[in-house]
2 protein chains.
Amino acid sequence: MSYLDSEFYQPLFEAIATGDEAQIQAAAATFNAADLAEFVEENPDNEEGVRLLRALTTEQSAKVFGYIGPNTQTLIAELLPTQDLAELVTAMPSDERADFFNLLDENRQHALFQSLASKEREDLRRLASFEEGTAGALMSSEYAVISTGMSASEAINLLRNTAPDKETIYQAYVIDNQHKLVGAVSLRNLITAMPGTPVDDLIATGLVTASTDTPQEEVARLISRYDLLALPILDQDERLVGIVTYDDAMDVAEEEATEDIHKGATVGKLETGLRDATPFSLYRSRVQWLVILVFANIFTGAGIAYFEDIISEHIALLFFMPLLVASAGNAGAQSATLMVRGMATGDVTIADWGKLLGKETLVASALGVTMAAAVMVVGFMRAGPEIAFVVAVTMIAVVMVGSLIGMLLPFLLDKLKFDPATASTPLITTIADVSGVLIYFSVATALLSLP
Amino acid sequence: MSYLDSEFYQPLFEAIATGDEAQIQAAAATFNAADLAEFVEENPDNEEGVRLLRALTTEQSAKVFGYIGPNTQTLIAELLPTQDLAELVTAMPSDERADFFNLLDENRQHALFQSLASKEREDLRRLASFEEGTAGALMSSEYAVISTGMSASEAINLLRNTAPDKETIYQAYVIDNQHKLVGAVSLRNLITAMPGTPVDDLIATGLVTASTDTPQEEVARLISRYDLLALPILDQDERLVGIVTYDDAMDVAEEEATEDIHKGATVGKLETGLRDATPFSLYRSRVQWLVILVFANIFTGAGIAYFEDIISEHIALLFFMPLLVASAGNAGAQSATLMVRGMATGDVTIADWGKLLGKETLVASALGVTMAAAVMVVGFMRAGPEIAFVVAVTMIAVVMVGSLIGMLLPFLLDKLKFDPATASTPLITTIADVSGVLIYFSVATALLSLP
């Protein structure tokens with residue numbers, strides 16, 4: 001049952017080919033909404049995707065539509081008449097609706113707005129106004145509410161009746177008359193309590209919450225850390241305005257991991273996946289750091305130029321330069337990557353830096369000695385004992401220097417209020433290159449000029 | 001309410017200092033289990049952590065214990081008498097119990113085994129036997145089961161009575177008399193249905209499932225893709241043997257992202273976080289690729305040595321070498337990283353490679369031209385028009401070659417059944433270094449030897 005299997009969607013293609021709505025619905029019923037969304041994304045051009053969406057009920061197609069990526073959503077929006085679009089949008093969950101709304105151009109937004117009922121319009125206006133990447137932009141306003149003073153069975157009845165409009169009924173929130181969050185009751189606790197138990201006895205207080213401007217990665221981290229089904233989101237006045245559910249948190253966590261991985265190789269933010277990215281958006285996300293690093297590497301060139309004399313005298317030194325300089329960069333890339341990821345997951349904090357410095361010094365010396373041993377043999381065979389010695393000494397020094405730069409730079413960036421992830425592998429490699437060249441030829445000058 | 005705040009745990013320290021169990025329990029009640037676990041991890045040496053665990057009820061301390069990392073779990077296990085440990089272990093969820101059991105040495109495992117009731121013993125024997133990193137090792141055997149033929153209200157009653165032993169009651173599974181999975185019913189659907197509705201009318205079939213040997217990253221991907229609360233796990237005979245819940249999937253996703261990020265910088269698998277890692281485990285995870293790359297870089301050195309004549313003749317060429325070679329590596333690191341991550345998230349598949357090759361060629365030429373323009377100015381100022389031209393031509397060539405290597409290598413590795421993530425930034429940089437040197441001095445030889 002793999003969604004990557006090419007025969008997987010065959011029944012759907014066949015049903016759509018018949019053009020019969022009932023047949024299409026029957027075929028679609030055997031698929032998950034996420035798979036139907038993929039089908040639509042894979043077949044946007046020949047309109048089979050749109051024909052599928054049209055054949056489904058509004059509720060079904062709204063569900064599928066929520067799983068579709070922004071590019072294809074925009075494409076489909078252009079193909080649908082405003083009235084159909086308004087029906088679809090009304091049936092979408094509030095958080096997905098707001099995200100989709102923000103994709104449309106102003107004219108379309110305006111037309112859509114006019115076609116919505118006032119309740120949806122108000123909700124949409126509010127949700128669509130939050131800055132992307134915050135809890136406000138991520139949250140759904142369809143949370144379940146129960147009141148103090150109810151019994152467990154009354155609360156269950158209330159949830160039963162309001163369920164169709166709610167994102168989840170597994171967590172219900174208790175608010176006071178100023179809409180401030182008092183606590184939460186899980187459906188599990190409501191079900192297992194005696195029917196007459198007052199809800200007040202079941203309320204969990206001291207909830208973990210976030211505010212509308214909490215960054216989305218922090219929202220995902222809270223949900224993951226506390227194993228929450230949903231995280232309540234409060235406005236500045238501590239009023240409950242929405243919830244973020246675990247499934248959205250999983251998407252955010254993946255998105256944030258992708259962003260961190262890209263940053264580690266100096267790739268900037270992309271709005272879409274690689275497959276859907278335009279050449280220009282890829283160019284824009286990559287060019288900045290490449291050009292910066294070109295100029296940074298001039299220092300390495302200048303370092304080499306400075307040592308032209310010793311190089312001309314011992315041209316054999318050049319042979320070992322790439323290997324020494326690269327080793328410094330590679331060891332540095334390792335320690336920087338370990339550190340940046342550790343800081344991103346909360347495994348290490350700035351308070352740990354002293355302890356980690358000691359450990360890194362130990363590890364880097366061991367790595368340096370191992371690599372010096374490997375390179376000494378090569379050095380001896382190719383260039384004799386003198387240069388072998390220079391190369392081995394340099395190796396230990398550059399691996400240690402590279403590792404320590406890699407370890408310290410993320411902390412330094414964090415202290416200076418920069419994103420530690422700016423300590424990307426290419427940046428570390430560049431810094432290690434400069435240091436490597438300077439150390440190598442300094443060591444060579446010192447040792448080879450001895451009488 | 002930040003768990004990173006140093007004053008956060010003050011009430012707990014104070015309560016523990018009194019030594020009064022009721023006071024400790026009252027203070028602990030205001031914290032989440034995950035926070036209490038962090039408290040224990042932060043205070044393992046002075047035993048305040050153990051004193052907290054001892055003061056809690058067995059249920060509470062089992063919950064907290066489940067959030068504690070393996071290193072501290074082992075440490076605490078050594079401090080507790082076997083009988084206390086057995087009580088704690090009995091109260092733990094089955095999946096966490098099995099993970100913990102696998103941390104103990106054989107003697108302790110044996111002693112613990114003797115102290116458990118036969119039901120827990122059997123369950124533990126089974127769960128602890130699955131290979132780490134598979135669905136089997138991740139799953140819990142405490143899933144809720146209901147039978148066909150029941151009414152919705154009977155099913156709710158059953159869930160109410162069995163809830164205390166279940167990981168979740170929000171999904172209940174229907175199995176036949178051979179224990180094969182027939183379908184699932186959500187508590188949401190049970191609640192919203194009329195009480196007399198037959199469960200059979202509410203069953204969702206065609207469930208997404210995994211088997212006990214499915215890799216854990218695939219389990220996490222399925223749960224995330226289909227927004228599942230829990231994924232049923234089947235044995236070879238299609239019998240239901242466990243479930244993996246969304247919260248475990250979130251932990252796996254984070255773990256896998258960390259592993260991928262580390263791999264991108266040639267850091268091997270670490271069993272713990274960076275903070276808890278021993279110097280030796282860090283050394284072991286880093287040394288292998290560093291040594292491999294030392295030898296790979298010999299080719300770059302050999303390339304330079306091969307061109308010693310043209311270098312001696314135009315020593316100014318050396319100045320530009322680091323910048324050209326590094327640019328090739330940096331552009332390659334970008335495209336490899338984009339590709340590896342795209343493949344890991346399922347955004348791009350091997351079927352997309354042709355389309356992506358075209359796009360990458362376009363993007364890389366644009367990047368190459370931009371960088372050539374930047375470097376041409378520097379070249380002209382430092383070394384005159386001839387070398388400026390060589391440098392600019394080389395820049396375009398190396399950025400394109402680097403980018404295409406970075407893009408194609410992950411696909412090639414995947415085709416050869418290697419992990420595409422082996423195309424780490426340091427490996428790409430090394431390959432780009434060799435190619436960069438060869439291209440640069442070949443271009444220089446060709447253009448500078450012209451009459």
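Below, read A as the first sequence line, B as the second, and so on, with proteins coming before strands; counting in each chain starts at 1.
Contacts between B/S281 and chain A at a heavy-atom distance below 4.5 Å are absent for every atom of the residue. Proximity to chain B is absent for every atom of A/T162, based on heavy atoms less than 4.5 angstrom apart. Of the two parts of A/Q334, the backbone and the side chain both hold a non-hydrogen atom closer than 4.5 Å to a non-hydrogen atom of chain B. Of the two parts of B/L228, only the backbone, made up of N, CA, C and O, holds a non-hydrogen atom closer than 4.5 Å to a non-hydrogen atom of chain A. If you measure heavy-atom distances from A/T30 to chain B, you find no contacts under 4.5 Å at all. Neither the backbone nor the side chain of B/A253 comes within contact range of chain A; no heavy atoms are under 4.5 Å apart. Contacts between A/I169 and chain B at a heavy-atom distance below 4.5 Å involve backbone atoms as well as side-chain atoms. Of the two parts of B/V378, only the side chain, counted from C-beta on, holds a non-hydrogen atom closer than 4.5 Å to a non-hydrogen atom of chain A. Proximity to chain B (any heavy atom under 4.5 Å) is restricted, for A/I304, to the side chain, taken from C-beta onward. Both the backbone and the side chain of A/R188 come within contact range of chain B, judged by heavy atoms closer than 4.5 Å. For a residue to count as touching a neighbouring chain, one of its non-hydrogen atoms must lie under 4.5 Å from one of that chain's; by this rule A/I261 touches chain B with backbone and side chain alike. The part of A/S312 that comes within reach of chain B is its side chain, from C-beta onward, which places non-hydrogen atoms under 4.5 angstrom from that chain. A/N330 touches chain B through backbone and side chain together, each having a heavy atom under 4.5 Å away. The parts of A/S335 that come within reach of chain B are both its backbone and its side chain, each placing non-hydrogen atoms under 4.5 angstrom from that chain. In this structure, the portions of A/A374 lying under 4.5 Å from any heavy atom of chain B include both its backbone and its side chain. Interface remark: B/N161 contributes no atoms to any contact with chain A (heavy atom separation under 4.5 Å). Using a 4.5 Å cut-off between heavy atoms, B/Y67 contacts chain A through its side chain alone, with no backbone atom that close. Contact of A/F299 with chain B is not made at all, since no heavy-atom distance falls under 4.5 Å. When heavy atoms are compared at a cutoff of 4.5 Å, B/F295 approaches chain A solely by way of its side chain, counted from C-beta outward. Heavy-atom distances place both the backbone and the side chain of B/L290 under 4.5 Å from chain A. Using a 4.5 Å cut-off between heavy atoms, A/A249 contacts chain B through both its backbone and its side chain. Heavy-atom distances place the side chain of A/M395, and not its backbone, under 4.5 Å from chain B.
Most heavy-atom pairs under 4.5 Å with chain A, from the set B/A163, B/A333, B/A344: that is B/A163. In terms of heavy-atom pairs under 4.5 Å with chain B, the best-connected choice from A/P426, A/A326, A/G342, A/A366 is A/A366. Ranked by heavy-atom pairs under 4.5 Å with chain B, the first of A/D227, A/T370, A/V291, A/V325 is A/D227. Chain B forms the most heavy-atom pairs under 4.5 Å with one residue out of A/I315, A/T205, A/L293, and that residue is A/I315. Taking A/A305, A/G264, A/A296, A/A302 one by one and counting their heavy-atom pairs under 4.5 Å with chain B, the maximum is reached by A/A302. Ranking B/K355, B/E308, B/M321 against chain A, the residue ahead of the rest is B/E308, based on heavy-atom pairs under 4.5 Å. By number of non-hydrogen pairs under 4.5 angstrom with chain B, the leading residue of A/P279, A/A257, A/S285 is A/P279. Across B/D247, B/L367, B/V267, B/V348, the residue that shares the most heavy-atom pairs under 4.5 angstrom with chain A is B/L367. The residue among B/A193, B/A37, B/S424, B/A277 with the most heavy atom pairs within less than 4.5 Å of chain A is B/A277. Per-residue heavy-atom pair counts under 4.5 Å with chain B were compared for A/T430, A/I156, A/L187, and the maximum is reached by A/L187. Across B/L362, B/T425, B/V340, B/V294, the residue that shares the most heavy-atom pairs under 4.5 angstrom with chain A is B/V294. Per-residue counts of heavy-atom pairs under 4.5 Å with chain A were compared for B/A34, B/A351, B/A33; the largest is that of B/A34.
Using a 30° and 60° split on the angle between ring planes, B/Y170 and A/Y170 fall in the parallel class, below 30°.
Considering only heavy atoms from C-beta on, B/E255 stays 4.5 Å or farther from B/D251 through its side chain. Put simply, the side chain of B/D433 reaches to within 4.5 Å of the side chain of B/T429, judged on heavy atoms. A heavy-atom distance below 4.5 Å is found between the side chains of A/Y226 and B/D35.
With B/R160 contributing its side chain and A/I191 its backbone, the two residues share a donor-acceptor pair below 3.5 Å. Between the side chain of A/N189 and the main chain of A/S186, no donor-acceptor pair closer than 3.5 Å is present. Although no hydrogens or angles enter the test, the distance criterion places a donor-acceptor pair under 3.5 Å between the side chain of B/Y246 and the main chain of A/L229. Side-chain N or O atoms of A/K359 include one that pairs as donor or acceptor with a backbone N or O of B/L274 at under 3.5 Å. Checked by atom type and distance alone, the side chain of A/S224 never pairs as donor or acceptor with a backbone atom of A/A220 at under 3.5 Å.
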For this session: Start with the C-alpha distance between B/L323 and A/T300, add both sets of side-chain angles, then the distance that settles side-chain contact (heavy atoms from CB on, under 4.5 Å), and finish with yes or no.
Result: CA-CA 8 Å; B/L323 147 180; A/T300 312; over 6 Å; no
Problem set entry | side-chain contact (heavy atoms from CB on, under 4.5 Å) between A/I298 and B/F319, worked out | CA-CA 8 Å; A/I298 289 178; B/F319 178 84; 3.6 Å; yes
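The pair B/E360-A/R286 counts as a salt bridge, with a side-chain nitrogen and a carboxylate oxygen less than 4.0 angstrom apart. Between B/E254 and A/R225 there is no salt bridge, since none of the side-chain N atoms of the basic residue sits less than 4.0 Å from a carboxylate O of the acidic one.
Of all non-hydrogen atoms in B/P322 and B/L318, the two that sit nearest each other are CD-O, 3.2 Å. Nearest heavy-atom pair, A/V437 versus A/G303, reported as atom, atom and distance to 0.1 Å: CG1-C, 3.8 Å.
No more than 12 heavy atoms of other residues, nucleotides or ligands lie within 6.0 Å of CD in A/Q288, so this atom counts as exposed by the packing criterion. Under a cut-off of 6.0 angstrom, the local environment of NZ in A/K63 is sparse, with at most 12 non-hydrogen atoms contributed by other residues, nucleotides or ligands.
Considering CG of A/L159 and OG1 of B/T192, their distance stands at 11.0 Å, rounded to 0.5 Å. Taken to the nearest 0.5 Å, the CG atom of B/L222 stands 8.5 Å off from the OG1 atom of B/T209.
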